[in-house]
Amino acid sequence: MEEKGKKMETTVIHGGYDSKEYLGSLSIPIFQTSTFTFDNAEQGERRFRGEEEGYIYSRLANPTVRALEEKIASLEEGEAGLAFGSGMAAVSAVLFALTKAHDHIICSQGIYGCTFGLLKLMNEKYHISHDFCLMETESQIKELIRPETACIYVETPVNPTMKVIDLQLVVKVAKEHGIPVVVDNTFASPYLQQPLSLGCDVVLHSATKYICGHGDVVAGLVVGKKDFIKNMAMTTQKDIGGIISPFDAWLLLRGIKTLPVRMDRHSFNAMKIYELLKSHPMVQNVYYPGDCNHPQYLITKKQMKQGGGLISFEMKGTKKDAQRLLNDLKLIKIAVSLGDTETLIQHPATMTHAVVPTEIREEMGITDQLLRLSVGLEAWEDIWEDLHHALNKAESSSFSS
Ligand SMILES: *Cc1c(COP(=O)(O)O)cnc(C)c1O
C-alpha cells in the first residue's frame, strides 16, 4: 500500500482509504444498511459458502466497519482487526474465544471493574478460574501457571492505580509455556504503546476512550493474527452479536485522525497537572507513569512513548473528603470514562470499581481516598485552577475541623 513506511501521524489520516473508490468522497461514506442484495440466488449461495467475496448482512461485515477494522489493525501493527459495540463486547469475545470450561486465566492485579465482573461470571457459570498477579517478576507469573492456563490477560497502565507492567517480561514467560498474552491497551492507545510489536498476541481497546476521543461513542476493538480474528468473527462475534453500528464506526474513523495530536496534548497537560498535584499539601500520593520517580518509570520509558493522560491521586483525609473535592469542582466534570476532550474525575472505590469486593480492591491499591483524573484538552492552567481551588477549600476545612 502507498502509505507503507509512513509515520503514524500520516497513516491515521490517509491509511487504508482511497477516495477514488468512493466517487472522490474525502471522508468514507457511512454504509447505513442492515443487509446487502444479491444479483441472483446462486450468488447468495456462493457468498454463504465463502466461495465469493462480498457483503451479506451487517452483523457479518459492513464496508464502513471494515475500514475501521483495517485502520486499527494497521495502527497496532497487527494482521487483522475486529470492531465491537463496546469495549466489554470485545473483552468477552476474546476471553470466550480463548477459553473453554474449566480453563484458567492469569490476570494483572488491577483490571477494569466490568472485566472483573466478567471473570467472576465465567467462573460461576463455566468454572473458568483466574488468579491475579502483580507481574513484577518472572517467578510471580510462573508459579501461577497450570496445565489449563489458557491466557494471560494484562492491563497496562493498570486501571486505576497507574502501575506499569513490563510486557516483554510477561511475553517471555508466556512464550516458554505457549500461552497467549492479551493486552487491554485502552489507557495507552496505539500511539503510545504497541503491545503486538513487543510480542503479545492479542490487543484490545475500549474504543469509547482515547480512540473515539470525544465522549460520543461506546465501542470496542480487537487486533491479532488473521486466523484468530477470523475465527472470532465467525463465532464469538457473529453468534453472540456484539457488533458496532456503521455510524459509530464512522465516528471512530473520524476520531482516529486526530489521535496522535490529542495524545500529545493529553500527555503534556497531564504532566503539568501531575507536577502541581504533587506539591499540594492535601495530596498524599500521586501516580503518573510519565513521572521519572514512578516506581516503574524505566518500564514506561521502554514501552510507552509518553505518560498518557491519566493520573490517580490520593487525598489526605477520608472518603468524605475525596467526595467533597469532586463536589467542589466546576470545570472538571464528575464522570466515569476517560480520554475525552473534557477533563473528567471519578472515585473508583464507589464508581468504576464498586463491584470489586473491598478486600480485593484494597489489594489492588484502590483506597477510599483514591481519585482518577482523565486530563482533557483544555488549557492546563484552567484545569489546575479548578483543582487548586477545590484542594485549597479542602485544606482550609481540614484546619478548621
Ligand atoms: C472502559 C474500559 C473498558 C470497557 O469498555 P466499554 O467500552 O465501556 O465497554 C475496558 N477496559 C478498560 C481499561 C476501560 O477503561
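We count residues from 1, following the sequence as given.
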**Prompt:** Do R46 and E42 meet the salt-bridge criterion of a basic N to acidic O distance under 4.0 Å?
**Reply:** no
**Message:** Determine whether E176 and K142 satisfy the following criterion, salt bridge (Lys or Arg N to Asp or Glu O under 4.0 Å), listing intermediate values before the conclusion.
**Reply:** CA-CA 10 Å; E176 282 166 16; K142 270 185 195 157; 3.7 Å; yes
**Message:** Applying salt bridge (charged side-chain N to carboxylate O under 4.0 Å, His left out), can you list everything that pairs with D166, at least two apart in sequence or on another chain?
**Reply:** K302
**Fill in**
Hits for side chain to side chain contact (heavy atoms under 4.5 Å, CB included) against A89, two or more places apart or cross-chain, chain-then-number order -> F84, S86
**Item:** Pair E378-T343, side-chain donor/acceptor within less than 3.5 Å
**Value:** yes
**Prompt:** Salt bridge check: are K120 and E124 linked by an N-O gap of less than 4.0 Å?
**Reply:** yes
**Request:** Using a strict 4.0 Å threshold on nitrogen-to-oxygen distance, state whether D227 and K230 make a salt bridge.
**Result:** no
**Asked** Could E9 and K7 be called an ion pair, given the rule that one side-chain N must be under 4.0 Å from one carboxylate O?
**Response** no
**Request:** Mind jotting down which residue pairs meet the side-chain hydrogen bond (donor to acceptor under 3.5 Å, both in side chains) criterion with at least one end in residues 177-186? Sequence neighbours excluded, please.
**Result:** E76-N185, D184-T186, N185-Q193
**Prompt:** With sequence neighbours left out, what residues match E359 under salt bridge (charged side-chain N to carboxylate O under 4.0 Å, His left out)?
**Reply:** none
**Request:** Could you tell me whether the side chains of Q306 and D264 share a donor-acceptor contact shorter than 3.5 Å?
**Result:** yes
**Request:** Would you please indicate if the ring centroids of F36 and F31 are separated by under 6.0 Å?
**Result:** no
**Fill in**
For residues 236-251, the side-chain hydrogen bond (donor to acceptor under 3.5 Å, both in side chains) pairs (sequence neighbours left out) are S27-W250
**Request:** On the 0 to 90° scale, with breaks at 30° and 60°, tag the Y112-H353 ring pair as parallel, tilted or perpendicular.
**Result:** perpendicular
**Asked** If you measure from CG on L119 to CG on L95, what distance do you get to the nearest 0.5 Å?
**Response** 6.5 Å
**Request:** Ignoring hydrogens and angles, state whether a donor on the side chain of Q346 or T352 is under 3.5 Å from an acceptor on the partner side chain.
**Result:** yes
**Request:** Quickly, which of L192, L198, I165 forms a side-chain contact (heavy atoms from CB on, under 4.5 Å) with Q303? Name it, please.
**Result:** L198
**Asked** Are the aromatic rings of Y210 and H266 close, with centres under 6.0 Å apart?
**Response** yes
**Prompt:** Does a side-chain N-to-carboxylate-O contact under 4.0 Å join D328 and K393?
**Reply:** yes
**Request:** Test side-chain contact (heavy atoms from CB on, under 4.5 Å) on H214 and T258 and set out the steps.
**Result:** CA-CA 11 Å; H214 296 75; T258 55; 4.3 Å; yes
**Message:** We want to know whether N62 and S58 form a side-chain donor-acceptor pair, criterion being a heavy-atom distance below 3.5 angstrom.
**Reply:** yes
**Request:** Using the test salt bridge (charged side-chain N to carboxylate O under 4.0 Å, His left out), find all partners of D382 that sit at least two apart in sequence or belong to another chain.
**Result:** none
**Request:** State whether the side chain of S279 and the backbone N or O of L276 hold a donor-acceptor pair below 3.5 Å, judged by distance alone.
**Result:** yes
**Asked** Would E342 and K333 count as a salt bridge (Lys or Arg N to Asp or Glu O under 4.0 Å) if you check the C-alpha gap in whole Å, the side-chain angles of each, and the deciding distance to 0.1 Å?
**Response** CA-CA 7 Å; E342 294 83 358; K333 305 296 177 224; over 6 Å; no
**Request:** Begin from the C-alpha positions of L169 and E138 and carry the test side-chain contact (heavy atoms from CB on, under 4.5 Å) through to its verdict.
**Result:** CA-CA 7 Å; L169 178 140; E138 288 182 30; 4.0 Å; yes
**Prompt:** Side chains of N392 and H280: is there a donor and an acceptor less than 3.5 Å apart?
**Reply:** yes
**Asked** Taking 4.0 angstrom as the limit, do K316 and E395 come out as a salt bridge?
**Response** no
